[in-house]
Structure formats: structure tokens, C-alpha cells
Colleague: 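First, the structure itself, so that you have it in front of you.
Quick caveat: nothing in here was measured; it's all calculated off a predicted structure. Remember, it's 1-based here, ligands and their atoms both numbered in the order they're listed.
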Amino acid sequence: MSKSYFSRRPQTGCGSNSVRASSKHTTSPLRALGWKSFFQQQLSLDELGSCIPMRVMAVHRSQLELAGEEGALTLSLTPSLAAESLTIGDWLLLGRDDNRFVRCLERNSLFQRMAPGALQRQLIAANVDSVFIVSSLNEDFNLSRIERYLALVRESGCRPCLVLSKADLCADPSGYLEALRSYKELPVVLVNSLDCDSVAPLREWCLPGETIALLGSSGVGKSTLLNTLSGADLALTGTIREDDSKGRHTTRSRTLFPLNCGALLLDSPGMRELGLVHVEEGVAQAFADIESLAQRCRFSDCRHRSEPGCAVLASLAGGTLDERRLRNWEKLHRELHINHQTLAQKRAGDKALSQLYRSVQDQARKRKYSGE
Ligand SMILES: Nc1nc2c(ncn2[C@@H]2O[C@H](COP(=O)(O)OP(=O)(O)OP(=O)(O)O)[C@@H](O)[C@H]2O)c(=O)[nH]1
Ligand SMILES: [Mg+2]
Ligand SMILES: [Zn+2]
């Protein structure tokens with residue numbers, strides 16, 4: 001095991017807040033990695049003696065980078081330790097003497113999506129406390145995409161903060177802020193991610209032991225924000241295309257970076273697609289206004305199309321409900337339904353296939369023993 005995960009990435013600290021926070025911050029190495037009593041309580045007496053907890057700090061194609069009290073470690077992925085079942089932020093128990101994988105601890109939050117182009121879900125991150133949903137104040141700004149991220153974050157029980165980046169390049173952000181006026185429960189922070197003082201309000205979230213995920217499209221400045229908050233060049237940053245403000249997918253893998261202030265920041269590649277799955281409650285929370293209107297419709301199975309006594313349509317006609325928002329709510333519900341069915345069919349197909357394999361193997365075995 002190498003000496004320390006932290007020693008690999010020197011940071012100078014950035015701004016007075018960070019310096020103050022780091023001098024106060026004298027927490028144990030495990031707590032600094034996000035260890036909480038929720039995880040401690042899951043260890044049996046036996047495991048307390050025979051196992052060590054380590055956190056997944058990065059996931060690569062064939063191995064995991066882990067960090068724990070004693071330092072860092074890379075673990076090769078095997079069928080029993082597959083990348084589909086583990087994700088960044090997970091806490092693993094390893095054998096104290098042989099570093100053998102014992103089990104993954106129960107997660108206190110999990111992000112997942114439909115894997116693009118595949119009939120399966122893909123884990124994005126686990127054990128995250130807060131999320132900075134980053135959107136830049138240019139062509140990237142898209143309310144429907146922000147609502148999609150919000151549904152994901154609300155489902156997990158994490159705290160969202162909408163970070164509107166590139167404020168320095170936007171002459172008048174009032175139109176964007178006006179569009180967000182109805183999102184009353186959502187903290188919104190405008191930043192120039194290149195500037196230490198400008199990102200200072202975000203330090204409120206960056207508390208010791210807290211894990212904060214940076215989510216948003218490519219080129220919005222997630223890695224830039226990470227670098228400025230840490231005061232070091234921890235992650236590569238890239239340019240964006242002039243014509244449509246889109247990024248070039250500079251960040252290639254998800255990595256958890258411990259900062260001097262004690263928080264851990266999860267940088268991830270911009271996602272081209274965020275297909276939602278298992279976030280019914282998250283959608284209900286992200287669209288609480290529409291869901292509560294729908295409960296006031298005359299018919300309990302109202303589809304909000306042309307039914308009499310429809311409270312949703314009345315609100316639309318009265319101008320208090322935005323049509324785009326309503327269409328996005330419907331779209332996300334449809335998507336959840338389709339993805340749910342797709343996964344159920346895939347599960348049924350997999351089960352039938354494994355039954356077929358078993359029966360073919362049984363027949364082969366019988367033939368072998370009967371000497372056919
Ligand atoms: N002026 C200005 N430029 C910014 C800001 N944030 C990011 N940039 C620039 O935007 C470009 C993209 O930034 P990145 O941090 O690489 O974006 P990213 O979100 O990490 O992109 P991916 O890794 O591709 O997902 C870089 O050239 C940054 O310097 C900002 O607030 N203001
Ligand atoms: Mg990046
Ligand atoms: Zn209705």
C-alpha cells in the first residue's frame with residue numbers, strides 16, 4: 001500500500017476561506033475520505049477486527065483506485081468485483097491481511113442512469129452528500145436538462161446547488177435568473193469558475209468529510225471549478241467550441257479529489273445522455289408543483305389533455321404553469337416507464353437464457369453419465 005492518497009496531489013489552498021477551513025480541519029484520515037457513522041454501524045464485530053474500509057476514488061476499465069486509513073491501493077477488477085456493481089464513492093471492506101475484497105457497504109446515496117445504447121443501468125456515483133449542477137450562462141443553459149439532473153439528485157436525497165458558470169462572460173444574467181424564479185427550493189450561485197473570490201459562496205458546501213459531485217455537460221467548467229476550489233491544477237481542462245459552446249469531453253473518467261478544506265470533490269466527464277431510471281420519487285419532488293396540481297384534477301386518472309376539471313390545464317391556461325415544464329414532466333414520466341419496462345424485459349430475458357443454459361448443461365451431463 002502506498003503511503004498516502006493525499007500526498008500524491010499537493011494543493012496550495014485558494015482564498016482565505018480555504019486556508020481557514022484547512023487549519024481548523026484536524027479530522028481522522030478515514031473521516032477526511034467521507035467515512036461516517038452510517039458506514040461504521042454496518043461493520044460486524046468480526047469485520048472490525050479482520051477488515052479495513054477503503055473508498056473507491058477512481059474507476060478505470062480494469063482496476064479501481066482505493067484510498068483508506070493506511071494509504072492508497074489499486075485493485076484489479078474480476079467477475080466478482082465488476083465495474084457494473086461498484087462505482088466511485090463506494091466504501092469497500094478488504095481483508096486486513098491480504099487486501100482481498102470482502103464486500104461493498106450499503107450506500108447512503110446512489111446515482112444511476114440508463115447506459116447509453118445498452119439495455120442496462122449504469123452506476124454513476126455513490127455516497128454523495130451534495131451536488132453542484134453546473135450549467136454555463138450561454139447556449140448550454142437548458143431548463144429541461146437542469147430538471148433532469150434535479151430529479152436524479154432529489155431521488156438520492158442529496159442537496160443540490162445550481163452553479164451558473166461563466167458569469168464573467170454574460171453581460172446580463174437576469175433572463176436566466178428570471179427563468180429560474182419558480183425553483184424556490186434550489187440554491188443558485190453565479191460564478192466565474194476561474195476566479196477564487198467568485199467561487200467563495202460554494203465553500204459553504206465544502207465541509208470536512210462531505211462528498212460533492214460536479215455534474216453538467218462537457219465544457220461548462222466542472223474541472224475548472226474543482227481546480228479553483230482546490231487551488232491546484234488537479235484536473236485537466238479544455239476549450240469549448242466557438243459555434244455552439246459545447247465542450248470536447250476533456251475529463252475521461254470519474255475521480256474523487258480530497259481538498260485541503262476537508263471536502264471531497266467528484267469530477268466527472270460531461271454526460272451526453274442522462275437517461276433516467278428508478279427516480280420516480282425524484283421526479284415527483286423536482287415537479288412538486290405539477291404533482292400537487294394533478295392531485296386536484298376532477299378525475300384521479302386525468303391525463304391532463306382535455307378532461308373537464310383538470311387543474312393542470314387550468315393552471316396552464318392561467319399562465320401560472322409553463323408549458324415547457326409540463327411537457328418535460330410528461331416526457332420524464334414516459335421515459336421512466338419505458339426504461340422500467342426495458343429493464344424488466346431484460347431481466348426476464350436473462351432469466352430465460354440462464355434457464356436454457358442450465359437445461360442444456362443438465363442434458364449434456366446426463367448424456368455423459370449414460371454413456372451416449
Ligand atoms: N471565462 C470563463 N471560462 C470558464 C469558466 N469555467 C470554465 N471556463 C473555461 O471553459 C473551458 C472548459 O472548462 P472545463 O473545466 O474543462 O469544462 P468541463 O465541464 O470540465 O468539461 P469536460 O471535462 O469536457 O466535461 C475551459 O477553457 C475553461 O477555462 C468560467 O466561469 N468563466
Ligand atoms: Mg472536465
Ligand atoms: Zn388533469
Side-chain angles (χ1 to χ4, degrees), residues 14 58 88 124-125 131-142 145 149 162-171 173 176 188-202 212-230 232-257 265-274 287 289-318 320-321 323 326-327 329-330 333:
C14 165
I88 187 144
I124 302 173
V131 177
F132 291 161
I133 301 172
V134 190
S135 169
S136 36
L137 292 169
N138 55 23
E139 287 87 337
D140 173 74
F141 185 88
N142 180 318
R145 188 177 331 108
Y149 278 114
L162 179 62
V163 178
L164 298 176
S165 62
K166 311 200 182 182
D168 54 311
L169 303 178
C170 176
Y176 296 106
V188 179
V189 179
L190 270 73
V191 297
N192 167 5
S193 302
L194 294 157
D195 178 61
C196 247
D197 293 336
S198 172
V199 304
L202 296 177
I212 301 148
L214 294 157
L215 297 181
S217 310
S218 175
V220 294
K222 300 178 294 299
S223 304
T224 306
L225 194 56
L226 162 75
N227 288 345
T228 303
L229 282 169
S230 70
D233 284 338
L234 299 183
L236 267 185
T237 60
T239 52
I240 59 168
R241 299 193 305 227
E242 295 271 308
D243 50 350
D244 59 2
S245 304
K246 286 197 191 311
R248 296 164 193 271
H249 294 274
T250 308
T251 304
R252 295 291 167 149
S253 60
R254 296 187 187 100
T255 311
L256 206 46
F257 293 95
L265 240 60
L266 196 166
D267 192 18
S268 49
M271 284 183 275
R272 285 193 184 89
E273 282 176 48
L274 180 63
F287 293 88
D289 52 341
I290 305 184
E291 302 263 347
S292 92
L293 280 172
Q295 283 182 358
R296 283 191 259 138
C297 294
R298 185 178 304 161
F299 303 110
S300 60
D301 60 349
C302 183
R303 296 181 64 235
H304 327 298
R305 292 280 169 220
S306 56
E307 293 88 340
C310 174
V312 174
L313 292 177
S315 182
L316 196 63
T320 44
L321 175 61
E323 177 153 16
L326 175 60
R327 298 292 160 242
W329 176 66
E330 290 173 336
H333 270 293

Colleague: Give me the nearest non-hydrogen protein atom to atom 23 (O) of ligand 1 as residue plus atom name, then the distance to 0.1 Å.
Modeller: T251 OG1, 2.7 Å

Colleague: Considering only non-hydrogen protein atoms, determine which one is nearest to atom 17 (O) of ligand 1 and report residue, atom name and distance to 0.1 Å.
Modeller: G221 N, 3.2 Å

Colleague: Heavy atom to atom 29 (O) of ligand 1, shortest distance: which of L164, V191, L194 holds it?
Modeller: L194

Colleague: Would you call E307-R303 a salt bridge at under 4.0 Å N-O?
Modeller: no

Colleague: Relative to the heavy atoms of G270, which atoms of ligand 1 are at a distance of less than 4.0 Å?
Modeller: 25 (O)

Colleague: Return yes if some donor-acceptor pair links the side-chain N/O of S268 with the main-chain N/O of L214 below 3.5 Å, else return no.
Modeller: yes

Colleague: With respect to the Mg ion (ligand 2), please indicate if S218 possesses an N, O or S atom at a distance under 2.8 Å.
Modeller: no

Colleague: Could you check atom 21 (O) of ligand 1 against the protein and tell me its nearest heavy-atom contact, residue, atom and distance included?
Modeller: G219 N, 2.9 Å

Colleague: Could you say whether the N/O atoms of L169 and ligand 1 ever approach to under 3.5 Å?
Modeller: no

Colleague: With backbone taken as N, CA, C and O and side chain as the heavy atoms from C-beta onward, which portion of D267 lies under 4.0 Å from ligand 1: side chain, backbone, both, or neither?
Modeller: neither

Colleague: Record the part of V134 in heavy-atom contact with ligand 1 below 4.0 Å; permitted values are side chain, backbone, both and neither.
Modeller: neither

Colleague: Quick one, H333 with F287, criterion side-chain contact (heavy atoms from CB on, under 4.5 Å). Give me CA distance, side-chain angles, the key distance, then yes/no.
Modeller: CA-CA 11 Å; H333 270 293; F287 293 88; over 6 Å; no

Colleague: Polar-atom distance check: P269 versus ligand 1, any N or O pair below 3.5 Å?
Modeller: no

Colleague: Calculate, to the nearest 0.5 Å, the distance between atoms CG and NE2 belonging to L293 and H304 respectively.
Modeller: 9.0 Å

Colleague: Strictly under 2.8 Å, is any N, O or S atom of T251 next to the Mg ion (ligand 2)?
Modeller: yes

Colleague: For a side chain to side chain contact (heavy atoms under 4.5 Å, CB included) with T237, tell me which candidate from T251, L225, N227, T250 qualifies.
Modeller: N227

Colleague: Return the CD1 to CG distance between I212 and L202, rounded to the nearest 0.5 Å.
Modeller: 8.5 Å

Colleague: Considering distance alone, does some N or O of T237 sit under 3.5 Å from an N or O of ligand 1?
Modeller: no

Colleague: What is the nearest protein non-hydrogen atom to atom 16 (O) of ligand 1, stated with its residue, atom name and distance?
Modeller: G238 N, 2.9 Å

Colleague: Please write down residue, atom name and distance for the protein heavy atom closest to atom 8 (N) of ligand 1.
Modeller: K166 CE, 3.7 Å

Colleague: May I ask you to identify the nearest protein heavy atom to atom 1 (N) of ligand 1, giving residue, atom name and distance to one decimal place in Å?
Modeller: D168 OD2, 2.7 Å

Colleague: Count the heavy atoms belonging to other residues, nucleotides or ligands that lie under 6.0 Å from CG of L169, then report whether that count exceeds 12.
Modeller: yes

Colleague: Please determine whether any non-hydrogen atom of S217 lies less than 4.0 Å from an atom of ligand 1.
Modeller: yes

Colleague: Determine whether a donor-acceptor pair (N or O, by modelled atom type, separation under 3.5 Å) exists between the side chain of T320 and the backbone of S315.
Modeller: yes

Colleague: Where is the nearest protein heavy atom to atom 6 (N) of ligand 1: which residue, which atom, and how far?
Modeller: S193 CB, 3.5 Å

Colleague: On the 0 to 90° scale, with breaks at 30° and 60°, tag the F141-Y176 ring pair as parallel, tilted or perpendicular.
Modeller: perpendicular

Colleague: For the pair S136 (side chain) and N138 (backbone), establish whether a donor and an acceptor sit closer than 3.5 Å, ignoring hydrogens and angles.
Modeller: no

Colleague: Give the name of the N/O/S atom in H304 that lies closest to the Zn ion (ligand 3).
Modeller: ND1

Colleague: Can you confirm, on distance only, whether ligand 1 has an N/O atom lying under 3.5 Å from any N/O atom belonging to S218?
Modeller: yes

Colleague: Considering the heavy atoms of H249, write down every atom of ligand 1 situated less than 4.0 Å from one of them.
Modeller: 24 (O)

Colleague: So, does G247 sit close enough to ligand 1 that a heavy atom of it is under 4.0 Å from the ligand?
Modeller: no

Colleague: I want to know if ligand 1 touches A167 in the polar sense, i.e. an N/O pair below 3.5 angstrom.
Modeller: no

Colleague: Can you tell me which residue and heavy atom of the protein come closest to atom 13 (O) of ligand 1, and the distance to 0.1 Å?
Modeller: T224 OG1, 3.3 Å

Colleague: Donor-acceptor pair, distance only, cut-off 3.5 Å: does the side chain of K222 make one with the backbone of V134?
Modeller: no

